[in-house]
Protein chains: 2
Amino acid sequence: MVDEFDRRILTILKNDCDVPLKEIGKKVGLFSASAISKRINKLKEDGIIKKQVALLDYEKLNFDFISIIFVKTKYHKDYAQIIGNKLKSLPNVVAVFFILGDIDFVILTVNRNRQDFLRIMEKLTSMDEIERSDSRVVAYTIKDIDFSSIEL
Amino acid sequence: MVDEFDRRILTILKNDCDVPLKEIGKKVGLFSASAISKRINKLKEDGIIKKQVALLDYEKLNFDFISIIFVKTKYHKDYAQIIGNKLKSLPNVVAVFFILGDIDFVILTVNRNRQDFLRIMEKLTSMDEIERSDSRVVAYTIKDIDFSSIEL
DNA sequence: GATGAAACACTCTAGCA
DNA sequence: TGCTAGAGTGTTTCATC
């Protein structure tokens, strides 16, 4: 379904989706732009390419309150989806993972300031499915979201 | 430096960077494509737009071993940058955050399988600056990396 | 600093071999 | 898949507001 050419195309696009089709062709060894075009559109249809987005420097935009929240819930695994859906619709939430262990959810949030952050915490603490939440301020973003090192 | 128009442009681009300039113009209320073009290029120069990338569905590409690693180091804060640099160059690492509290670093990794994951853990355990690491398998990705809910 | 127009090169894509 | 033709897109320049 996804062959070696597709993988090479994806490797380029996940780092930079503004590369001309012609140039992609050269790099992957498929020299017609139309062939690349058709493959990319197929990958979008199949949902393998989910989106093409601009990654922003949120610190430069004065989002200085990045935090990671660890959530422990009252109920067991079956509630993962239900509680998960509530968590992911909280404001300023970038990612939510359900993990196994003493912590149930890990949430990444990007906030402009403490007030924004407290807005999340207020909603979080009002959810009675939640037993306990630990929120940690990110002191340094050592590596921002970046999939370039992933080898397909 | 970044005005309301820029913020509106960024709001569009962080969700979809493939929107024609003309259409962006209509949406933000700046009706010439050339004005939008100049602003976007300025935002790139300033590093506010870091990259334009394709977001992929890694689960569909059989990356079934997503994990979050909590790292506690032996040394104090000053080592954050040094150890951080080592951590971010580990294979298959998507993000690294230095946080305050009992855990020092949170690492997000995306792996195809257990072997790939163990490759990271091997390198991690061989670093003597690290006191302890807890790795958690992601059971469900409730919300994958997505900045669309962030209000600029 | 924005607009609209014009000109140009570049880019994408549909149809067909 | 490759080729080609036509439509669409981004960028620059200009006069004007």
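Here the structure is a predicted model, which is why all the values come from computation and not from measurement. Note on naming: letters A, B, ... go to the chains in the order of the sequence lines (proteins, then strands), and numbering restarts at 1 for each one.
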Participant: Return the minimal non-hydrogen interatomic distance between A/D3 and A/D6, and the atom names on each side.
Facilitator: OD1-N, 2.9 Å
Participant: Please report the distance, rounded to the nearest Å, between CG in B/L21 and P in C/dC10.
Facilitator: 17 Å
Participant: Please work out which residues in residues 9-20 of chain A have a non-hydrogen atom less than 4.0 Å from an atom of DNA chain C and list them by number.
Facilitator: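 When residues 9-20 of chain A is checked for heavy atoms under 4.0 Å from DNA chain C, the hits, listed by number, are A/P20.
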Participant: Are there any protein N/O atoms within less than 3.5 Å of an N/O atom in nucleotides 1-5 of chain D, and if so, which ones and at what distance?
Facilitator:
from: D/dT1; atom 1: OP2; to: A/R39; atom 2: NE; distance (Å): 3.0
from: D/dT1; atom 1: OP2; to: A/R39; atom 2: NH2; distance (Å): 2.5
from: D/dG2; atom 1: OP2; to: A/S32; atom 2: N; distance (Å): 3.3
from: D/dG2; atom 1: OP2; to: A/S32; atom 2: OG; distance (Å): 3.1
from: D/dG2; atom 1: O6; to: A/K38; atom 2: NZ; distance (Å): 2.8
from: D/dC3; atom 1: N4; to: A/S34; atom 2: OG; distance (Å): 2.5

Participant: Could you give the CD1-to-P distance, from A/I40 to C/dT11, as a whole number of Å?
Facilitator: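 One finds 13 Å between P of C/dT11 and CD1 of A/I40, rounded.
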Participant: In whole Å, what is the span from the NZ atom of A/K22 to the P atom of C/dA9?
Facilitator: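 Checked: the NZ to P distance equals 14 Å.
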Participant: Whole angstrom is fine here: how far is it from CD1 in B/I36 over to P in C/dG4?
Facilitator: 12 Å
Participant: With no hydrogens and no angle check, is any side-chain donor or acceptor of A/T125 less than 3.5 Å from a backbone partner on A/M121?
Facilitator: yes
Participant: So A/Y58 and A/F63, would you call those rings parallel, tilted or perpendicular, with 30° and 60° as cut-offs?
Facilitator: perpendicular
Participant: Tell me if a side-chain donor or acceptor on B/T11 pairs with a main-chain N or O of B/R7 at a distance below 3.5 Å.
Facilitator: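 Present.
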Participant: Taking atom C1' of D/dT9 as reference, at what distance in whole Å does atom CD of B/Q52 sit?
Facilitator: 14 Å
Participant: Judged by atom type as modelled, is there a donor-acceptor pair below 3.5 Å linking the side chain of A/K88 to the main-chain atoms of A/I83?
Facilitator: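 It does not hold such a pair.
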Participant: Is it possible for you to say whether B/I150 and A/L118 belong to one hydrophobic cluster, with membership spreading through side-chain heavy-atom contacts below 4.5 Å?
Facilitator: no
Participant: With a 6.0 Å cut-off on the ring centroids, do A/F105 and B/Y140 count as close?
Facilitator: no
Participant: Hydrophobic cluster membership, with links at side-chain heavy-atom distances under 4.5 Å among I/L/V/M/F/W/Y: are B/V71 and A/I68 in one?
Facilitator: no
